Amino acid sequence: MEDKQFELRKLKLKELEAMGIDPYANGFTPEHTTKELVSIHASKSPEELEEIEDVFSLAGRVVSKRDFGKSAFFHLSDRTGKIQVFIQKNSVDEKTFALFRKLLDIGDFTGVRGELFKTRTGELTVRVRELFFLTKTLRPLPEKWHGLQDVETRYRQRYLDLIANQRTREIFQRRSKVINLIRRFFDERDFLEVETPMLHPIAGGAAAKPFVTHHNALDMDLYMRIAPELYLKRLVIGGLERVYELGRMFRNEGVSTKHNPEFTMVEFYQAYATYDDLMDLIEDLVSYVVNNTVGNTLVEYEDKKIDFSRPWKRVNIYETLREEFGPSIIEDDKFLFSKADSMRINHNGIRGKALTEIFEALVEETLVNPTFVYGFPLDVSPLARKNDSDPEVVDRFELYIYGREIANAFSELNDPIDQKKRFMDQVEMKKKGEEEYHEMDNDYVSALEYGMPPTAGAGIGIDRLVMLLTNSSSIREVIFFPHLRS
RNA sequence: GAGCCGUUAGCUCAGCUGGUAGAGCAACUGCCUUUUAAGCAGUGGGUCACAGGUUCGAAUCCUGUACGGCUCACCA
């Protein structure tokens, strides 16, 4: 027999229709939510509830059922939570009761009207006077006690995960909250939320492999954006001074517990600010988000507690390397590259790459509490402003939490002549096999020629931040529909 | 892309060194008017991911494929 439960439910559907009941009826409007009823009435005594003669109406999915023959309990689940419902043979009309017993399955949607009371065990419950079939479900729901465990099913059929696992709902509610808080934070500081193209003629603003697509009418290849950076800075040139964009980025690279081909980032730019200012601003922002979600500066994540209390540590890459390996690591290229080779680091003869990669290999995973890492080499930072006292270094930092890069920020390079030269250097290195290096972007250089005020900007990875704030070990837990092979 | 692990009923899982498949929930038939993992009695349900191979005999051993998980590499 092929899927007996499915066939049986289809028979029930036909039976409903035969009785003149629309199994997909419209028109029932619930006047209350489960949460409203629970928060207002759960604390009342049975006697107090007795005196309330109001009739309440609710709609939701039946998620459990306990049948006693002449009466039954079930739980109704809506977006806000769930509440118990009690139906008795003599509290509704005969037809409704028969329908309920014979044709209502766990998973079906119903609307109910009735008054509140408390059971012997003290649970707030709705006594049904009227019951409406709203939607017949043809497939059985995952099991009530263990929920849905199979990760593949959880990702591919996220709706089942959301029905069965309360934690999944909470993760995505928190994600939504985080995004909301970030918007509020920037709006309050007079940043303008903007939207820039997702289809780029040149994939710029980051070191990453893009997705390629094609526009038929224009007969041109386009790239899905890997970063909005160069467009946002054009807006600063245009005088908007403070802008942010929160949205999806696309990178054609491997998938892992920390990488999804599309991910969400907020990038923002502030004229007349420096990267130092942005350390403070990001500290403010992340603290604001942590405070309004987790509500504690100590955040439990996997086997550790992350301490978000301020101020956050700020460490210099060059100083750290000097302390660890002595001055030769900075001053002697031979020493540097042989060190890199011994650590099996792929540097391609690029000093800055070797230095940053050694640093990362050395300390990244020790940076559990939020830590700003600054003093990046010039040749891995083609869009960042040179440091005033050390021309090999740029005014750039990254924020690490739990060994992961959460944010990347710098004072922006606004010298068009230097920018053009940097692009040319990038193109050189791209020829040497550095696939992710930048292409020449003449259009962006000409924009800079019109003058960009001194500006600092940053990008923050939202998915990774949400992972930390929901104790999720995989990025797939915080993205509704993560990419899987089909 | 590489290594390791996994895939058994609608769901959650057992199934030992090979002897032809089990439980709980869900479903079905009854009983039961305050239960909450309700209870009691009974019933049905499987291409053991897929394809080969070894064997008298394969869910079990071997090989390949698909999909997934973890780790690594690239990256945010």
Side-chain angles (χ1 to χ4, degrees), chain A residues 1-9 11-12 46 63-75 82-92 97 101-102 105-107 117-125 127 137-157 160-161 163-165 205-210 226-227 249-267 344-346 357 360 398-401 404-408 434-436 458-465 467 473-477 482 484-486:
Chain A
M1 174 71 94
E2 192 194 305
D3 209 334
K4 205 175 152 189
Q5 293 195 45
F6 181 57
E7 296 304 323
L8 232 139
R9 286 183 176 216
L11 288 178
K12 289 181 178 175
V63 290
S64 66
K65 201 176 165 187
R66 292 173 294 282
D67 187 350
F68 290 87
K70 293 194 179 63
S71 72
F73 290 94
F74 59 96
H75 272 97
K82 58 186 179 178
I83 195 164
Q84 181 165 262
V85 180
F86 184 51
I87 182 165
Q88 275 175 304
K89 194 176 163 81
N90 51 23
S91 72
V92 293
F97 193 74
R101 289 210 62 208
K102 275 189 66 187
D105 289 309
I106 291 174
F117 75 105
K118 264 196 179 166
T119 62
R120 277 176 201 161
T121 51
E123 181 166 349
L124 185 73
T125 304
R127 178 179 279 110
T137 304
L138 298 180
R139 303 276 182 194
L141 257 34
E143 195 224 15
K144 63 181 173 189
W145 187 241
H146 300 91
L148 181 66
Q149 300 291 327
D150 184 85
V151 274
E152 191 171 350
T153 311
R154 288 184 47 234
Y155 297 156
R156 288 191 197 275
Q157 294 175 275
L160 294 180
D161 189 27
I163 293 166
N165 299 318
K209 282 175 232 161
I226 54 175
M249 307 300 141
F250 307 87
R251 298 190 184 175
N252 202 346
E253 286 157 0
V255 299
S256 78
T257 48
K258 296 170 208 67
H259 303 263
N260 194 61
E262 48 184 305
F263 65 100
T264 300
M265 189 161 80
V266 60
E267 266 201 23
R344 277 192 271 159
I345 282 165
N346 169 26
E357 303 253 329
E360 281 175 16
E398 289 183 347
L399 171 64
Y400 279 87
I401 306 176
R404 295 177 192 156
E405 188 191 330
I406 299 296
N408 179 21
E434 295 295 315
E435 243 187 290
E436 301 89 18
I460 301 172
I462 305 291
D463 312 272
R464 289 183 176 180
L465 186 60
M467 282 169 72
S473 57
S474 169
I475 200 168
R476 287 174 216 118
E477 294 293 335
L484 303 176
R485 244 179 259 271
S486 48

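Protein chains get the first letters and strands the later ones, always in sequence-line order, with residue 1 at the start of each. No experiment lies behind these values; they were computed from the predicted model shown.
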Asks: Taking salt bridge (charged side-chain N to carboxylate O under 4.0 Å, His left out) as the definition, give me every residue that meets it alongside A:Arg404, ordered by chain and number, with sequence neighbours left out.
Replies: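 Expected list: none.
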Asks: Between B:rG44 and B:rG10, how far is it from one C1' atom to the other, in whole Å?
Replies: 14 Å
Asks: Scan A:Phe117 against the nucleic acid and name what it touches under 4.0 Å (heavy atoms): base, sugar-phosphate only, or nothing.
Replies: base
Asks: Within the pair A:Ser256 and B:rC74, is there a side-chain N or O less than 4.0 Å away from OP1 or OP2?
Replies: no
Asks: May I ask you to verify if any side-chain N or O of A:Arg485 is less than 4.0 angstrom from the OP1 or OP2 atom of B:rG68?
Replies: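 A:Arg485 to B:rG68 OP1/OP2: side-chain N or O found under 4.0 Å.
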Asks: Does any N or O in the side chain of A:Arg476 come within less than 3.5 Å of the main-chain N or O of A:Tyr155, such that one atom is a donor and the other an acceptor?
Replies: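 The answer is no, because no donor-acceptor pair under 3.5 Å joins these two groups.
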Asks: Which part of the nucleic acid, if any, lies within reach of A:Ala207 when heavy atoms closer than 4.0 Å are counted: base, sugar-phosphate only, or nothing?
Replies: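 Since only primed, P, OP1 and OP2 atoms lie under 4.0 Å of A:Ala207, the category is sugar-phosphate.
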Asks: List for me each residue that meets salt bridge (charged side-chain N to carboxylate O under 4.0 Å, His left out) alongside A:Glu398, sequence neighbours excluded, and say none if there are none.
Replies: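 A:Glu398: salt bridge (charged side-chain N to carboxylate O under 4.0 Å, His left out) contacts with A:Arg396.
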Asks: Could you check which of B:rA27, B:rG68, B:rU35 has an atom nearest any side-chain atom of A:Lys12?
Replies: B:rA27
Asks: Shorter than 3.5 Å, N or O on both sides, protein versus nucleotides 22-25 of chain B: list them out with atom names.
Replies:
{"residue": "B:rG24", "atom": "N2", "partner": "A:Glu143", "partner atom": "OE2", "Å": "3.4"}

Asks: Going by the rule salt bridge (charged side-chain N to carboxylate O under 4.0 Å, His left out), which residues pair with A:Lys12 if we only count those two or more places apart in sequence or in a different chain?
Replies: A:Asp105
Asks: Which of these nucleotides, B:rU35, B:rG68, B:rA76, is closest to any side-chain atom of A:Val151?
Replies: B:rG68
Asks: List in chain and number order the residues that pass salt bridge (charged side-chain N to carboxylate O under 4.0 Å, His left out) with A:Arg139, two or more places apart in sequence or in another chain; answer none if no residue qualifies.
Replies: A:Asp3
Asks: Identify whether any heavy atom of A:Thr153 sits under 4.0 Å from a base atom; if not, whether one sits that close to sugar-phosphate; answer base, sugar-phosphate or nothing.
Replies: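 Touches nothing.
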Asks: So what does A:Asn252 hit on the nucleic acid, given a heavy-atom distance under 4.0 Å: a base, only sugar-phosphate, or nothing?
Replies: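 Answer is nothing: A:Asn252 stays at 4.0 Å or more from every strand.
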Asks: Got a donor-acceptor pair under 3.5 Å from the side chain of A:Glu123 to the base of B:rU34?
Replies: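 There is none.
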Asks: Under 4.0 Å, heavy atoms only, any strand: does A:Leu484 hit a base, just the sugar-phosphate, or nothing?
Replies: sugar-phosphate
Asks: Please list, chain by chain and in numerical order, all residues satisfying side chain to side chain donor-acceptor pair (under 3.5 Å) with A:Thr125, sequence neighbours excluded.
Replies: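 Result, side chain to side chain donor-acceptor pair (under 3.5 Å) vs A:Thr125: A:Gln84.
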Asks: Using only heavy-atom distances, decide whether a donor-acceptor pair under 3.5 angstrom links the side-chain of A:Thr119 to the base of B:rU35.
Replies: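 For A:Thr119, whose side chain was compared with the base of B:rU35, there is a donor-acceptor pair (under 3.5 Å).
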Asks: According to side chain to side chain contact (heavy atoms under 4.5 Å, CB included), who are the partners of A:Glu253, at least two apart in sequence or on a separate chain?
Replies: A:Ala208, A:Lys209, A:Arg251, A:Glu436
Asks: Is A:Phe73 stacked against the base of B:rU35, taking the criterion as centroid distance under 5.5 angstrom and interplanar angle under 30°?
Replies: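 A:Phe73 ring centre within cut-off of B:rU35 base, planes near parallel; stacks.
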Asks: Counting distance only, does the side-chain N/O of A:Asn260 pair as donor-acceptor with the main-chain N or O of A:Phe263 below 3.5 Å?
Replies: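 No, A:Asn260 side chain to A:Phe263 backbone: no donor-acceptor pair under 3.5 Å.
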Asks: Are the aromatic rings of A:Phe86 and A:Phe117 close, with centres under 6.0 Å apart?
Replies: yes
Asks: I'd like to know if A:Gln88 reaches the base of B:rU33 with its side chain, counting only an N/O donor and acceptor under 3.5 Å.
Replies: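 Check passes, donor-acceptor contact within cut-off.
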Asks: Holding to side chain to side chain donor-acceptor pair (under 3.5 Å), I want the full list of residues that pass it with A:Glu152, two or more places apart in sequence or in another chain.
Replies: A:Arg156
Asks: If only side-chain N and O atoms of A:Arg476 are considered, is one of them under 4.0 Å from the OP1 or OP2 phosphate oxygen of B:rG69?
Replies: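 It does, given that an N or O in the side chain of A:Arg476 lies less than 4.0 Å from OP1 or OP2 of B:rG69.
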Asks: Let's see if you can work this out: which of B:rU35, B:rG69, B:rC70 has an atom nearest to the side-chain heavy atoms of A:Tyr155?
Replies: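 Of B:rU35, B:rG69, B:rC70, B:rG69 is nearest to the side chain of A:Tyr155.
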Asks: Hey, is the side chain of A:Arg156 poking within less than 4.0 Å of OP1 or OP2 on B:rG68, counting only N and O atoms?
Replies: yes
Asks: What does the B/S/- profile of nucleotides 2-7 of chain B look like, 5' to 3', with a 4.0 Å heavy-atom cutoff to protein?
Replies: ------
Asks: What contact category does A:Gly459 fall into here, base, sugar-phosphate, or nothing, at under 4.0 angstrom with non-hydrogen atoms?
Replies: nothing
Asks: Looking for any heavy atom pair under 4.0 Å, which part of the strands does A:Asn408 touch: base, sugar-phosphate only, or nothing?
Replies: nothing
